[in-house]
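Every chain is numbered from 1, with letters handed out A, B, ... down the list of sequences. These numbers were taken from a predicted model, which means no experiment stands behind them.
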2 protein chains.
Amino acid sequence: MNEFTSRIPDATVRRLSLYLRFLEDFERLGVTSVASVALAERGGTTAAQVRKDLSHLGSYGKRGLGYSVDELTGVLRGVLGLDCTWRVALLGAGRIGTALVEYEPFRRRGFHITTVIDNDPCKVGTRLGKIRIRGQDELEDVLREDRIDLVIVAVPAPVAQGMVDRVVAAGIKAVLNYAPVQLRLPADVALRNVSMLVELESLSYALARHRQ
Amino acid sequence: MNEFTSRIPDATVRRLSLYLRFLEDFERLGVTSVASVALAERGGTTAAQVRKDLSHLGSYGKRGLGYSVDELTGVLRGVLGLDCTWRVALLGAGRIGTALVEYEPFRRRGFHITTVIDNDPCKVGTRLGKIRIRGQDELEDVLREDRIDLVIVAVPAPVAQGMVDRVVAAGIKAVLNYAPVQLRLPADVALRNVSMLVELESLSYALARHRQ
DNA sequence: TTCAGCTTGTGAACGAATTCACAAGCCGAA
DNA sequence: TTCGGCTTGTGAATTCGTTCACAAGCTGAA
């Protein structure tokens, strides 16, 4: 097994992302070696699950010892594509967009938001942090000029699909969607949805059951 | 099958939440009856999946016709616990917290953020929209006074666990976590994580694979 | 009333993900 | 060197979720 021959299941990729976070914590604490059971405790899963997940990457553990924090951190960064920086454009400079631009962990992980686009003519030309907001008519141009790899959608639901169609036509292959709509796009474009409402409603379901 | 005898799988609950959104769109358009295949197209899934999901709720479809938009909307609201209002407290009045307080869809669905708590003494006493920000020393008191059902965590990672422990001790049974940490809490408390980083990193993985 | 055309609800088949269980391997102590 | 205590990596078993396929049932037309 290695990172090239086989696709890693999505559920596993998401956990790898968590493991990386834990490893960075361990690194900060000066821990040099970590067993699957320690990662499992931290992540609320089982040791077998951790080992199965990590086995997708190859054989980086030492029997009797566990995993080298240093080595595994590097491997995970590599597999997850975090050993380079990704250039990100944000569509929508509303409240959510604004919060995302200034979200430190993104930059720390190599996601650089270089470009912000908004439909509101009042906002175009003003600055969000250090970034000058561009108008939607410039969309295709700035995606090319700024060599954007990935687009975050944080515009109101009704305009999301239209903008994403243009983004896809411009050749972007990865979209992170915060708008409360189900976007339709070609199979070769990766899409993740961050749905505040879906999560909240599944909690509501749990609460409603709880009290019969 | 009905909503009391059997627990609905989590994956299904999340899709129910989407179906409800689609039904509301159909309702606005004046459509009165909808077939599983229409909901499937809208949600990027299959008609069989939709029917299997809805079969968890009981038998609300009419063969040859589909589902009554009105009736199914009501049933879904009921099952998801959206036929009442939930009182929500927000921990953390940072950028993410601020964006969440003002997020319209929450209120429209019956989630009323009545309470905001922040650790920063400079913020305590100031207002976020109409809500006066309270200090963390008041946490237990306001949770009780405001009869909070559900807590949204949007504080920095290092302080999240400590605050959630107090929230759980105060009897709260549902937590929505935006902080980039894995919270540990008792099994009878429902927890959902909204992890911006995990989603972004799984896109990064897709991109990295894409170009070998 | 009968028939054609749809669409649901669901057991059964299938597939994916998780858990189990254990051989293989490393380390440090004696 | 040998042994005991750990821990990995992985087939096999199991559980969970999705898809298939079709009988049952509704509607409207003739």
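The backbone N or O of A:N193 lies less than 3.5 Å from no partner atom in the side chain of A:N177, so there is not a single donor-acceptor pair. The closest donor-acceptor contact from the side chain of A:D118 to the backbone of A:G92 lies at 3.5 Å or more, if one exists at all. Checking side-chain atoms of B:T114 against main-chain N and O of B:D146 turns up no donor-acceptor pair under 3.5 Å. Using a distance-only test at 3.5 Å, with no hydrogens or angles considered, a donor-acceptor pair links the side chain of A:S204 to the main chain of B:G81.
In the model, A:R14 has no side-chain atom that pairs as donor or acceptor with a side-chain atom of B:S202 under 3.5 Å. Looking only at atom types and distance, the side chain of A:R166 has a donor-acceptor partner in the side chain of A:Q136 under 3.5 Å away.
Regarding A:E71, its CD atom lies at a distance of 13 Å from the P atom of D:dT8, rounded to whole Å. Spacing between atom CG of B:L57 and atom P of C:dT8 amounts to 14 Å, rounded to whole angstrom units. In this entry the distance linking NE2 of B:H56 with P of D:dC16 reads 12 Å, nearest Å. Spacing between atom CG of B:L72 and atom C1' of C:dT7 amounts to 14 Å, rounded to whole angstrom units. Taking atom CG on A:D53 and atom P on D:dT8, their separation rounds to 13 Å, with Å as the unit. Atom CG of A:D10 and atom C1' of C:dA16 are 13 Å apart (whole Å).
If you find the closest nucleotide of DNA chain D to A:K52 and to B:G64, the one lying nearer the 5' end belongs to A:K52. If you find the closest nucleotide of DNA chain C to A:R51 and to A:K62, the one lying nearer the 5' end belongs to A:R51. The nearest heavy atom of DNA chain C to A:P9 and to A:L65 marks one nucleotide each, and the one closer to the 5' end goes with A:P9.
Within the structure, every side-chain polar atom (N or O) of B:S55 is placed at least 4.0 Å from both OP1 and OP2 of C:dG9.
A donor N or O paired with an acceptor N or O is not found under 3.5 Å between the base of D:dT7 and the side-chain atoms of A:R63.
Minimum atom distance to the side chain of B:Y67 is reached by C:dT8, of the listed C:dT8, D:dT8, C:dT18.
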message: Assess the residue pair A:D83 and A:R77 against the criterion (salt bridge (Lys or Arg N to Asp or Glu O under 4.0 Å)); give the C-alpha distance rounded to whole Å, side-chain angles, the decisive distance to 0.1 Å, and a yes or no.
response: CA-CA 6 Å; A:D83 45 4; A:R77 284 224 183 85; over 6 Å; no
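The stretch residues 18-49 of chain B touches DNA chain C through B:A35, B:S36, each having a heavy atom within less than 4.0 Å of the strand.
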